[in-house]
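First comes the structure, then the notes that go with it.
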Amino acid sequence: MQISVLFQAPSRVSNPTLFEQKLSDLHKCTNLNQLKQIQALIYRANLHEDAFVAPKLIASFSLCRQIALAVQVFDQIQEPNVQLYNTLIRAHIQNSQPSQALAAFFEMRNRGVWPDNFTYPFVLKACSGQDSLRLVQMIHTHVEKYGFGSDIFVPNSLIDSYSKCGSMGIQAARKLFMVMVERDLVSWNSMVGGLVKAGELREARQLFDEMPERDTVSWNTILGGYVKAAEMDSAFELFQKMPERNVVSWSTMVSGYCKVGDMAMARMLFDKMSTKNLVAWTIIISGYAEKGLENDAISLYNKMEEAGLKIDDAPIISILAACAESGLLGLGNRVQSSMERNRYKCSTHVSNALVDMYAKCGRFNRALSVFNGMEKRDLVSWNAIIQGSAMHGHEEETLQLFSRMKQEGFVPDKVTFVGVLCACTHAGFVEEGIHYFQTMERDYGIVPQIEHYGCMIDLFARDGCLTEAFRLVHTMPLEPNAIIWGSQNPSGASSIELDGIQKWKSNSIGSTLENTAEKALAAALPSSLCAAMNFPRKVKKGILWSHSGASALDGIRMTLFSQQRAMVKDSPL
DNA sequence: CTAGGGTTAG
């Protein structure tokens, strides 16, 4: 940026030609203050509707994560053209607002502005979430109708987007790939990537072998397939055969060994990496954290800081998530204190991760204070604190938080209801539980999932209403899982399991599972406290727990985490 | 004369 010239000689600003020259790098400006100053000059020079200046201004606001300002610039323009809409759509995607991006696309169509071949790759990127297959199909139809399929970027994007739409999508992607007249490296890579994502590893490998040429992306994609399937021997073989390896190749291998629990191998490869980026560090640290190896994780975290890499949200969030999963309060504290030391500004996402981490590590009060200190909260924040509160046995508080959340205009989702139902189950609020369970579908259109049924069944079972519990098990439109059968009542504690297992055997509901009884009992945590709550995995695995009050929670966790093994309490057998 | 696009690892 050579904007300084502009400020030193403000008189020249009136010269639009020079001004444009100075603005040629505007879209790369990432300094918000500077950007705002330039914006003022642009408006003064009346250039804000200039076809070359406006998109740059939008792009730079988008880069500075100021989507609202980007939209503001856009709204000032009387008759936006295709290019400007493309820029706006891309801005929404960059700021992770895919639905806004789609909205901009539809608005554009309504205002009679025709999309071009640049529009589709952007819009396709915005197609994710529910019903995405239909969206992608719709866009595919557009593309065919208006003949943009001749630009290789468009079908390539379609293949990628279709690949993200599940089993039906991969069918469509295959079909498109087959009929494409011209295929480039990216088409092949996207198709292989799609097959890998769909779990069609053999087919992916076959396609990989058929490729006319391969680049590092191709190799990394198929390597990722083996890693995903935990086939580390094949992955290693491939890794050795690769003509060129980059950070991604190494990181993929490291994450694979972390996944299968071979930390020695993971560490060896990590140490051999010549250039380690943030992703690489995050993978190995999270790997140690997920294994519960807190000291290794912390010492690597320190080394990462010493390496002087500039940290951002994504690694913090994934490390905190690993802490939450394994109950590593020490590492969680370490991450937070380093953020404080570096005056790192916590985004909503990072704060959410902190709330979740503290709650799952048994520090509900700290979770609450992070939550209360947040500038902006989203649905995830509320869900995290509601779950945390329910998990710690603060039933009344959970329900209060729930109504506060609604008062503040948030619409609960299925996760929220898991938390709310759990609180009811734990407190023995049968009437309230039934009420919320009904509300969920009737008022919010949320179809109950296995976790919700789990809460209700547990609610009935704990209240001694075994008939009611069983009725629900048999009438619910879902297959009962081990956790459902593990629901307990406080008095007999074992009646439902034993009965359930007998039923299970006689009905062969669980015929796909071996050692049904053991599995059911091994997972026999009250669903209210575990299944739905994303309890740390270690707790999930082995603990048998009767009707313990929440006060027992910390004690049990401490035992669990210190001994690194499951604790058996009040086992029904 | 000037902008803007796709694939892989967290």
Side-chain angles (χ1 to χ4, degrees), chain A residues 16-28 47 50-60 62-63 81-91 93-94 115-125 148 151-161 163-164 173 183-194 196-197 204 208 211 214-225 227-228 235 242 245-256 258-259 273 276-287 289-290 311-322:
Chain A
T17 318
L18 184 66
F19 196 49
E20 279 171 24
Q21 268 173 22
K22 298 302 165 203
L23 291 179
S24 64
D25 280 340
L26 172 61
H27 58 293
K28 293 175 195 152
L47 274 170
D50 185 282
F52 298 115
V53 174
K56 286 187 181 190
L57 203 51
I58 293 175
S60 31
S62 165
L63 270 179
N81 58 12
V82 212
Q83 288 89 336
L84 206 66
Y85 266 110
N86 291 349
T87 314
L88 179 69
I89 293 170
R90 194 176 67 132
I93 291 164
Q94 279 174 342
D116 65 6
N117 50 332
F118 281 67
T119 315
Y120 293 103
F122 293 136
V123 173
L124 282 166
K125 211 160 198 169
F148 291 118
D151 177 359
I152 190 80
F153 282 84
V154 175
N156 284 353
S157 298
L158 276 168
I159 289 179
D160 179 50
S161 299
S163 303
K164 290 171 180 155
R183 293 177 203 137
D184 67 0
L185 190 53
V186 176
S187 325
W188 286 88
N189 285 346
S190 303
M191 194 62 233
V192 173
V196 162
K197 223 167 277 151
F208 173 82
M211 285 178 76
R214 296 171 199 92
D215 64 359
T216 316
V217 173
S218 329
W219 284 91
N220 287 344
T221 306
I222 195 73
L223 193 68
V227 163
K228 192 179 165 220
M242 288 179 70
R245 287 171 283 264
N246 64 9
V247 210
V248 179
S249 329
W250 287 89
S251 307
T252 306
M253 290 305 289
V254 171
S255 81
C258 287
K259 189 177 163 182
M273 278 174 77
K276 302 176 176 73
N277 63 8
L278 212 51
V279 179
W281 283 98
T282 310
I283 290 172
I284 190 93
I285 294 170
S286 311
E290 277 157 22
I311 199 142
D312 64 33
D313 279 13
I316 295 176
I317 291 167
S318 45
I319 294 170
L320 287 176

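First the proteins, then the strands, lettered A, B, ... as listed; each starts at 1.
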- Task: Calculate, to the nearest 0.5 Å, the distance between atoms OG and CG belonging to A:Ser218 and A:Leu223 respectively.
- Result: 12.0 Å
- Task: Assign A:Phe122 to base, sugar-phosphate, or nothing according to its heavy-atom contacts below 4.0 angstrom with the strands shown.
- Result: sugar-phosphate
- Message: Base, sugar-phosphate or nothing for A:Asp116? Non-hydrogen atoms, less than 4.0 Å.
- Response: base
Below 3.5 Å is the cut-off: list the nitrogen or oxygen pairs between protein and nucleotides 8-10 of chain B, distance only.
| residue | atom | partner | partner atom | Å |
| --- | --- | --- | --- | --- |
| B:dT8 | O2 | A:Asn220 | ND2 | 3.3 |

- Item | ring-ring contact (aromatic ring centres under 6.0 Å, His included) partners of A:Phe148, counting only residues at least two apart | A:Tyr120
- A:Ser161 side chain vs A:Leu158 backbone, donor-acceptor pair below 3.5 Å: no
- note: A:Lys56, atom NZ; B:dA3, atom C1'; distance rounded to Å ~ 6 Å
- Taken to the nearest whole Å, CG/A:Leu57 to P/B:dT2 is 21 Å
- Task: Establish whether the base of B:dG6 is bridged to the side chain of A:Asn189 by a donor-acceptor pair shorter than 3.5 Å.
- Result: no
- Message: Which residues pass the ring-ring contact (aromatic ring centres under 6.0 Å, His included) test with A:Phe208, not counting sequence neighbours?
- Response: A:Trp219
- Counting only N and O atoms by type, is there a donor-acceptor contact under 3.5 Å from the side chain of A:Lys228 to the main-chain atoms of A:Lys197? yes
- For A:Asp215, answer base if it contacts any base atom (sugar-phosphate contacts may also be present), sugar-phosphate if it contacts only those atoms, and nothing otherwise; contact means non-hydrogen atoms under 4.0 Å. nothing
- Atom CG of A:Asn81 and atom P of B:dA3: how far apart are they, to the nearest Å? 14 Å
- Message: With a 3.5 Å distance limit and no angle check, can you tell me whether A:Ser190 reaches the backbone of A:Ile159 through a side-chain donor-acceptor pair?
- Response: no
